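Throughout, protein chains are lettered first and strands after them, A, B, ... in sequence-line order, and every chain is numbered starting at 1. This is a predicted model, so every value here is computed, not measured.
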Amino acid sequence: MATDLAQQFCALRDTYIEKQFGRLNDMQREAVFTTNGPLLILAGAGSGKTTVLVNRIANLIRFGSAHGSRWTPREVTEDDVKALRTAIMTGTDAPSWLDGMLRKDAVRSWNVMAITFTNKAAGELKERLRRMLGGEEGDEVFASTFHSACVRILRRWAEEIGYPRSFTIYDSDDSQRVMKAVYKELSVDDKFFPVKSAINQMSRWKDQLISPAEALKTPARDTKGALAAKVYAAYEKKLKEAGAFDFDDLIYQTVILLSEHEDVREFYQNKYKYLLVDEYQDTSVAQFRLVSLLTGPEKNICVVGDDDQSIYRFRGATIENILNFERIYKGTRTIRLEQNYRSTSNILNAANCVIQHNTERKGKTLWTKNGEGDKVQVYTAENEQDEASHIADVIGQHLKEGGHLADHAILYRMNAQSAPIESYFTRAGIPHKIVGGQRFNDRKEVKDIHSYMSIVANPRDDVRLRRIINEPARKIGATTIEVIADLAAQQGISMLDVISHADQYAKLSRAIAPLFKFWDIYQKLQESLETKTLDEFASDVIEITGYRAMLEADAAKGHEDAADRLQNLGQLVNNVKSYCDQHGEEASLEGYLEDIALISDIDSYNESADQVVLMTIHSAKGLEFPYVFLIGMEEGVFPSEMSKYSEADLEEERRLAYVGITRAKKELYISNSVTRMLYGRTQRNEPSRFLREIEPEYIEETRSPVLEQRSRLGGWGSGYGSDTVPGGASGYSGPSGWGRAASGYGSGYGSRSGYLNKEYNAPMSNNRGFGSDYAGRGSASSGHGGCDSGSGSSGFGSGYGRPAAPKAPVRPAGGGVTSSPRPAAASTGPKHYEPGDIVEHKVFGRGKVLKVKPAAGDQIVEISFEKVGVKKTMANFAPLVKITTEE
DNA sequence: GGCCGCTGATTTTTT
DNA sequence: ATCAGCGGCC
């Protein structure tokens, strides 16, 4: 009887627990209920990977390994069974007196560690855990990036490996400075072996856990290899002297610590009984080692990844980690998540087609219940302007149908490709933002102030000291700095120590006054830190160092960006303030510096603004958008020129294509261009092999009307699917409509002519055209529609969006094909608007002109659109047609 | 110390 | 085409 009840209870318990995870599919649930031993989850794009991670952690904490077990902690009573049955039937929580009966070996939340690559992913994980488990439990789970986790470990044990607890974290800029100093000391020629290459080589060595000594021992292939090992050793010595770790060291040194100190290792193995690693396909050898050192003897290690999305080989990721996981951890359970919740089947099939051409993979086939959706739209453009124009057409169409700008993402292989789109969108007044580029914390003025702050935290940090000792100018020249460095090196003390006793050194006699002045500033800063709040301290740094005064003087002198810089420093203080608010009592200078060292812009990329997003495919990993434009699908661009000689590199490019395709939820637009201007040369590119790899049944092709016209004339080879005539330079630009989305915008757009004045590439100084917004951490740039770039005269006429007609004669056709003369289509001349005019904009639809402001031969037109509100655009460049004139 | 002009390089990037 | 970095000159 009792056993009978127990059996009943256990069965009900399974039902109950399963119901808690009822929204998962079978595979996902299996992953969640596999609690012990090594687990490999191969999670395809959009397969609910984060959901699985979160649910798996929740299950560990709430039920442990109770699911599927026959175990009970005590005799089961009829009340137990009844209560559980009721809970299941009514869909309510089981009464709390059953708690102990529902969990077996339940894990405490602080025994779980989840590691991700980006702060964004870690933040997302924490947020969802909090939502699922409630604040207290959720916050106790240790979810962080590899680097933050290592910092946390090192802060506690750094002294064990000969570093101070208050170590500094060097970013790539700092690393470069150190390496440059090393080059100088060892008289290495940067021309012979660039600093960048040395840093790269060193980084790879650290990724592979190769120490300076080992690098030196290993017989080098050539002089450069030997040199690299030499500078690596010197660099490492310098960092140790400065009490600093670079990004790679954070991992590398933590591995050293854990390998060499059994007690420390056991401490963590005992603390974190369950380990979860996200994006496992992107881990390096060092990260692999780190994870195995943290994994205790029970081997409760769960890794999640997608070998098909491994795109960081170039920076040290070894796809082998995921490919060999099962071999390394015996008894691994492998679960594939292949159901996709993101995209339509046409998109997924296209993705599957492409990735199938790779050989080094585990093999997965994504499927979905989302329905077929539209076919993948492939557009062959004449050139990059045409490509941009076509994208604007499509977006405009979507907007008319009620879509949002922010639902559109433009993805490309390399950053240079954003320029034509950026320029086109800016001129057309289409709000957009480019993700990537310079980060807020990388700006010079910001880095300078941070450097001041870090030498207060860590007086040994000579690299940062050198950075700011004469910024603003204090008459401490290069010679003096080198003397100080020499003296410091001789005595094994820091440069700041030397400065504080400058009067004791004859060699410094001439520089005593400025040095003491500097020392005085330093002491004032120390005092400020001790007596004031952190944000007041930050503000003091800007003040006391004379930095603000310098910028104000610059501004007075008419330096254009000085005002921006001042604003950035204001933002810096705000950031410090919000750091303080976030951390309350825990806030510290070290903590703040750590945050800024480890947090990037994309983490704070604000998705709320209604703007089209432009970014590289690399940056887009992990994101999704309803409408995705994958541009520049051409041989030599994507796959990139550099990759086409190595099969492994090509496979990585293909994975990148796969990542790009799988970002799209509803519709995917792929484009290639017959000609493209790259690095100042116009090249003809064949369509990408990745395009050809997609079965025709999933795609729908369109070609630029210009190209259609041309082939009707019997001239040029076509692009996609057939051979291109090599060397056939195009100078001809025939009449054209508006691409496939043409919908009667009046004749002005139909015919083309006009010429793109060169000046029009200029007004986008500062990367701040109107309508554009860089995702920058904290930088309060926002808003669009502001039309602040006065620009030169126009003459663009009606040929909007058409390629820039060459000013010089077209490059002669290489293959003996002569280009046709350009037809003399008449330009309609500059466009003029008056308040009250009704206009039609290619993207924003119909609207009424509110204001017109003349600007350097052009007009800035403020228009109230029916659908999208008030926007400003440049009259001659916006895709704008006058419909009626009022009165 | 600051400005001018030349040279060369220019896949991808988080931390 | 564009930009950063460096060397030379005032």
Contacts of A:His147 and A:Asp649 projected onto DNA chain B by closest heavy atom; the upstream (5') one is A:Asp649
| task | Give one of base, sugar-phosphate or nothing for A:Thr616, where a contact means two heavy atoms less than 4.0 Å apart. | result | sugar-phosphate
Side-chain atoms of A:Thr145 come closest, of B:dT15, B:dT11, B:dT13, to B:dT15
| said: Would you call the rings of A:Trp205 and A:Tyr232 parallel, tilted or perpendicular, taking 30° and 60° as the class edges? | reply: parallel
From the candidates C:dA1, B:dT15, B:dT13, the one with an atom nearest any side-chain atom of A:Met677 is C:dA1
A:Asn470 has its side chain closest, among B:dT11, B:dG1, B:dT10, to B:dG1
Practice problem: Verify the contact: side-chain N or O of A:Asn415 to OP1 or OP2 of B:dT12, cut-off strictly under 4.0 Å; return yes or no. | Solution: yes
Nearest-nucleotide check on DNA chain B, A:Arg413 vs A:Phe247; residue mapping nearer the 5' end is A:Arg413
Point to revise | Sugar-phosphate only, base, or nothing, as touched by A:Tyr679 at under 4.0 Å among non-hydrogen atoms | key: base
How is A:Tyr312 classified with respect to the nucleic acid when contacts are heavy atoms under 4.0 Å: base, sugar-phosphate, or nothing? sugar-phosphate
Exercise for the section: Say whether A:Asn321 and A:Thr318, considering side chains only, have a donor N or O and an acceptor N or O under 3.5 Å apart. Expected result: yes
Taken to the nearest whole Å, CD/A:Glu652 to P/B:dT11 is 15 Å
When rounded to whole Å, the CG to C1' distance for the pair A:Asp207 and B:dT15 reads 11 Å
Rounded to whole Å, the CG-C1' distance (A:Asn200 to B:dT14) equals 14 Å
From NZ of A:Lys621 across to P of B:dT13 the rounded distance in Å is 12 Å
A:Phe146 atom CZ is separated from B:dT15 atom P, nearest whole Å, by 13 Å
By ring-ring contact (aromatic ring centres under 6.0 Å, His included), A:Phe117 pairs with (sequence neighbours left out) A:Phe146
Against the side chain of A:Met414, the closest entry in B:dT15, B:dT11, B:dT13 is B:dT11
Which of B:dT11, B:dT13, C:dA1 is nearest the side chain of A:Ser619? It is B:dT13
Just call it for A:Lys180: base, sugar-phosphate, or nothing, with non-hydrogen atoms closer than 4.0 Å on any strand. sugar-phosphate
note: A:Met550, atom CE; B:dG2, atom C1'; distance rounded to Å ~ 14 Å
Taken to the nearest whole Å, CD1/A:Ile169 to C1'/B:dT14 is 14 Å
Separation of B:dT15 atom P from A:Ile596 atom CD1, nearest Å, is 14 Å
>> Tell me if the CD atom of A:Glu360 is crowded by more than 12 foreign heavy atoms within 6.0 Å.
In response: no
Is it true that A:His450 and A:Tyr592 share a donor-acceptor pair across their side chains at a distance under 3.5 Å? yes
